[in-house]
Chemist: 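Quick one: structure below, then a few questions.
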Amino acid sequence: MDRDDEQFLRQAIALAREGMDRGDGGPFGCVIVKDGQVVGTGNNRVTSTNDPTAHAEVVAIRAACARLGSFQLDGCTVYTSCEPCPMCLGALYWARPARIVYAATRADAADAGFDDSLIYEELPLPPDQRRYAMEQGAREEALAVFAAWKAQPGLVRY
């Protein structure tokens with residue numbers, strides 16, 4: 001990790017502290033950088049917005065994508081105060097940054113009361129064995145929408 005990485009990682013940690021001190025939500029912060037310039041920042045805002053998806057990384061991804069005018073973070077580095085949770089990791093994979101740099105680990109987060117182990121344990125299970133009931137229905141109708149999507153001219157894949 002070079003000096004710039006450390007600087008941006010410390011900025012993410014500072015955002016975590018500032019958001020926590022303001023009462024926005026949990027102690028998490030994120031900075032997204034492209035070509036040495038910050039293009040998006042975020043801190044956890046779950047409790048202040050009543051939005052369970054308002055994790056620091058998701059907030060920062062939304063800000064960066066809006067600023068870049070793109071749904072992907074090509075060439076970006078994501079600096080986050082903690083190893084991304086499963087939801088944020090999924091969002092980051094969809095956004096496709098070049099790199100992810102984090103400070104604290106998921107074990108550190110669990111020790112602070114943010115334990116994601118249940119999600120990691122549930123992911124490999126078949127849907128009918130997961131904690132929350134999942135049922136499938138109307139598949140043929142849904143497949144017709146997918147077929148229409150695939151048949152669109154000028155389809156933008158992501």
Chemist: Evaluate the side-chain proximity of Trp149 to Leu155: yes if any heavy-atom separation is below 4.5 Å, no if none is.
Modeler: yes
Chemist: Looking at every non-hydrogen atom in both residues, tell me the closest pair between Thr49 and Ala54 and how far apart they are.
Modeler: OG1-CB, 3.8 Å
Chemist: Does some side-chain heavy atom of Arg62 sit less than 4.5 Å from a side-chain heavy atom of Thr53?
Modeler: yes
Chemist: Would Phe28 end up clustered with Val46 when hydrophobic side chains under 4.5 Å apart are linked, directly or stepwise?
Modeler: no
Chemist: Could you tell me whether the side chain of Pro84 reaches within less than 4.5 Å of the side chain of Leu92, counting heavy atoms only?
Modeler: yes
Chemist: Could you tell me the separation between the CZ atom of Arg67 and the NZ atom of Lys34, rounded to the nearest 0.5 Å?
Modeler: 11.5 Å
Chemist: Quick check against the 3.5 Å criterion: does Arg130 have a side-chain atom that pairs as donor or acceptor with the backbone of Leu123?
Modeler: yes
Chemist: Kindly give the heavy-atom pair with the smallest separation between Asn44 and Gly26, and that separation in Å.
Modeler: OD1-N, 3.0 Å
Chemist: So Ile13 and Tyr79, side chain to side chain contact (heavy atoms under 4.5 Å, CB included) or not? Walk me through it.
Modeler: CA-CA 9 Å; Ile13 294 167; Tyr79 297 92; over 6 Å; no
Chemist: List the atom of Gly36, the atom of Phe8, and the distance in Å for their closest heavy-atom pair.
Modeler: O-CZ, 3.8 Å
Chemist: Write down the atom of Leu73, the atom of Ala64, and the distance for their closest heavy-atom approach.
Modeler: CD2-CB, 3.7 Å
Chemist: How about Cys30 and Val78: do any of their side-chain heavy atoms sit closer than 4.5 Å?
Modeler: yes
Chemist: Specify the closest pair of heavy atoms between Leu9 and Met1, including all atoms of both residues, with the distance to one decimal.
Modeler: CD2-SD, 4.0 Å
Chemist: Measuring from atom CG of Asp116 to atom CZ of Arg106, what distance do you get when rounded to the nearest 0.5 angstrom?
Modeler: 8.0 Å
Chemist: State whether the side chain of Asp111 and the backbone N or O of Asp108 hold a donor-acceptor pair below 3.5 Å, judged by distance alone.
Modeler: no
Chemist: Say you draw a straight line from CD of Gln72 to CD1 of Ile61; how long is it, rounded to the nearest 0.5 Å?
Modeler: 11.5 Å
Chemist: For Met20 and Pro27, work out which heavy atoms get closest and say how close.
Modeler: SD-CB, 3.8 Å
Chemist: For the pair Ser81 (side chain) and Gly29 (backbone), establish whether a donor and an acceptor sit closer than 3.5 Å, ignoring hydrogens and angles.
Modeler: yes
Chemist: Using a 4.5 Å cut-off on heavy atoms from C-beta on, say whether the side chain of Thr77 contacts that of Pro97.
Modeler: no
Chemist: Are the side chains of Arg22 and Asn43 in contact, using a 4.5 Å heavy-atom criterion?
Modeler: yes
Chemist: Using the six-membered ring wherever Trp is involved, compare the ring planes of Phe71 and Tyr158 and label them parallel, tilted or perpendicular (cut-offs 30° and 60°).
Modeler: perpendicular
Chemist: Without swapping roles, check the side chain of Arg17 against the backbone of Leu15 for a donor-acceptor pair under 3.5 Å.
Modeler: no
Chemist: Do the side chains of Ile119 and Glu122 get nearer than 4.5 Å, heavy atoms only?
Modeler: no
Chemist: Any chance CD of Gln37 has more than 12 other-residue heavy atoms, nucleotides or ligands included, within less than 6.0 Å?
Modeler: no
Chemist: Report yes if the side chains of Leu68 and Cys76 come closer than 4.5 Å at any heavy-atom pair, otherwise no.
Modeler: yes
Chemist: Looking at Glu141, I want to see if its CD is surrounded by more than 12 non-hydrogen atoms of other residues, nucleotides or ligands under 6.0 Å.
Modeler: no
Chemist: Report the distance from atom SG of Cys85 to atom CZ of Phe114, rounding to the nearest 0.5 Å.
Modeler: 11.0 Å
